[in-house]
Amino acid sequence: MAPPRSMPAVFVGHGSPMNALQRNRYTEAWRRLGASLPSPRAVLCVSAHWYGRGTRVTAMAKPRTIHDFGGFPRELYEVQYPAPGDPALAGEIRELLAPLEVELDGSWGLDHGAWSVLVHMFPDADVPVVQLSLDGTQPAAFHYELGGRLAPLRDRGVLVVGSGNVVHNLQVYGRRPGVEPFDWAVRFEAEVRRLLDAGEHRPLIAYETLGADARLAVPTPEHYLPLLYVIGPAGGEPVSYPMDGIEGGSISMLSVRIG
């Protein structure tokens with residue numbers, strides 16, 4: 001087993017942006033998770049909601065809070081998460097990923113995949129936050145490899161946070177209370193946990209090969225890929241699950257802690 005990194009890495013199933021305003025079992029688990037971690041120098045967040053072409057990293061000193069959704073109550077649009085940025089960390093990330101071309105971005109900020117979780121994990125907004133984009137033109141193996149190349153950041157006091165959902169199928173999502181999880185969602189989440197516990201990452205990278213359940217659980221990749229940035233640096237470390245559960249039948253709230 002590889003020696004433990006000085007900072008864990010975590011994947012959080014973020015679910016609805018309304019979680020930013022709520023106190024429920026998910027947000028309480030995120031608060032406990034934040035309190036249980038060593039104090040980070042900074043957070044590097046890989047969110048499902050910065051998905052496009054190329055690889056970019058936020059490099060501004062004061063990232064804006066992005067309200068990248070529609071149809072929610074006014075109170076949600078008023079939420080601000082004024083965590084500072086970390087231009088020096090953005091430069092470190094660019095160096096670690098070389099020769100990959102990484103754009104230092106001055107326009108994005110923090111999307112709801114980041115702040116709706118961090119507002120609970122670090123409610124004082126006093127930990128610098130940098131976001132890394134997902135290059136949607138690249139296969140899953142590319143994202144897993146980037147996660148491995150970012151592993152040295154954990155020994156520099158940086159908390160790597162992936163924010164997405166292991167199961168994310170909005171086409172069949174049920175918005176009424178008490179919707180039972182679909183069987184395929186339960187099975188796929190359980191298979192992900194089994195493979196993580198066994199340290200078998202290859203099937204998790206090639207998730208499309210996991211059958212019909214995977215096709216329903218991951219109809220598009222952006223919510224799944226942040227998990228690969230967290231397990232890429234793992235190297236045989238212990239795995240735990242601060243939270244699980246399936247919302248609306250088809251959204252997994254599974255959180256994963258590595259180390």
Side-chain angles (χ1 to χ4, degrees), residues 9-22 27 30-31 34 40-97 100-138 143 146-147 150 153 156-165 168 220-223 225-227 229-230:
V10 298
F11 171 83
V12 179
H14 65 243
S16 168
M18 285 299 293
N19 284 317
L21 297 176
Q22 296 171 349
T27 64
W30 300 343
R31 286 175 181 267
R41 163 196 156 195
V43 170
L44 167 59
C45 185
V46 183
S47 163
H49 295 282
W50 196 12
Y51 184 74
R53 297 183 65 87
T55 301
R56 292 176 283 167
V57 61
T58 56
M60 68 286 287
K62 295 181 179 180
R64 64 192 176 102
T65 303
I66 305 172
H67 300 91
D68 52 330
F69 41 69
F72 288 93
R74 175 179 53 81
E75 291 81 2
L76 190 59
Y77 297 90
E78 294 175 349
V79 173
Q80 294 293 314
Y81 189 72
D86 192 333
L89 175 57
E92 289 179 56
I93 292 167
R94 192 182 195 189
E95 291 176 4
L96 283 172
L97 297 184
L100 178 69
E101 183 177 344
V102 178
E103 177 185 343
L104 296 178
D105 182 90
S107 62
W108 185 252
L110 304 180
D111 61 52
H112 81 268
W115 59 259
S116 69
V117 171
L118 296 177
V119 73
H120 295 288
M121 289 182 65
F122 304 109
D124 294 332
D126 55 353
V127 178
V129 183
V130 166
Q131 275 201 235
L132 183 70
S133 72
L134 291 165
D135 186 347
T137 70
Q138 296 291 343
H143 300 280
L146 288 199
L150 292 168
L153 292 175
R156 303 177 192 175
V158 176
L159 176 67
V160 178
V161 176
S163 179
N165 300 96
H168 188 268
T220 58
E222 71 280 357
H223 278 78
L225 293 176
L227 174 68
Y229 285 80
V230 171

How long is the span from the CZ atom in R53 to the CD atom in Q138, to the nearest 0.5 Å? 9.5 Å
Side-chain (R64) to main-chain (S107) donor-acceptor, under 3.5 angstrom: yes
Measuring only between side-chain heavy atoms, which start at C-beta, is L153 closer than 4.5 Å to L89? yes
For the backbone of Y81 and the side chain of T65, can you confirm whether one donor and one acceptor N or O come within less than 3.5 Å of each other? yes
Report the C-alpha distance between D105 and V57 in whole Å, list the side-chain angles of each, state the deciding distance to 0.1 Å, and finish with yes or no for side chain to side chain contact (heavy atoms under 4.5 Å, CB included). CA-CA 6 Å; D105 182 90; V57 61; over 6 Å; no
Mark yes or no for whether H67, through its side chain, and V79, through its backbone, hold a donor-acceptor pair below 3.5 Å. yes
F69 and H112 aromatic ring geometry - parallel, tilted or perpendicular at 30°/60° bounds: perpendicular
Taking the side chain as every heavy atom from C-beta outward, state whether W108 and S133 have any pair of such atoms under 4.5 Å apart. no
When you measure from the side chain of D86 to the backbone of V130, do you find a donor-acceptor pair of N or O atoms at a distance under 3.5 Å? no
OG on S16 to CZ on F72, rounded to 0.5 Å: 4.5 Å
Which of these passes side chain to side chain contact (heavy atoms under 4.5 Å, CB included) with H49: D68, L134, I66, L110? D68
Side chains of H14 and S163: any donor to acceptor distance under 3.5 Å? yes
To the nearest 0.5 Å, what is the distance between CG (L227) and CZ (F11)? 5.5 Å
Q131 and A114 have their tightest heavy-atom pair at OE1-CB, 3.5 Å
As an exercise, state the distance from CG of L132 to CZ of R56, rounded to the nearest 0.5 Å. 10.5 Å
Grab the two heavy atoms, one from A42 and one from V127, that are nearest each other, plus how far apart they are. CA-CG1, 3.8 Å
Side chain to side chain contact (heavy atoms under 4.5 Å, CB included) between T220 and Y51, worked out: CA-CA 11 Å; T220 58; Y51 184 74; over 6 Å; no
For E75, I'd like to know if atom CD has over 12 heavy atoms of other residues, nucleotides or ligands within 6.0 Å. yes
About how many Å separate CG of N19 and CH2 of W30, when rounded to the nearest 0.5 Å? 4.0 Å
Start with the C-alpha distance between R41 and E92, add both sets of side-chain angles, then the distance that settles salt bridge (Lys or Arg N to Asp or Glu O under 4.0 Å), and finish with yes or no. CA-CA 13 Å; R41 163 196 156 195; E92 289 179 56; 2.3 Å; yes
Could you grab the distance from atom OG1 of T58 to atom CD of E103, nearest 0.5 Å is fine? 11.5 Å
Any side-chain heavy-atom pair from L146 and L100 closer than 4.5 angstrom? yes
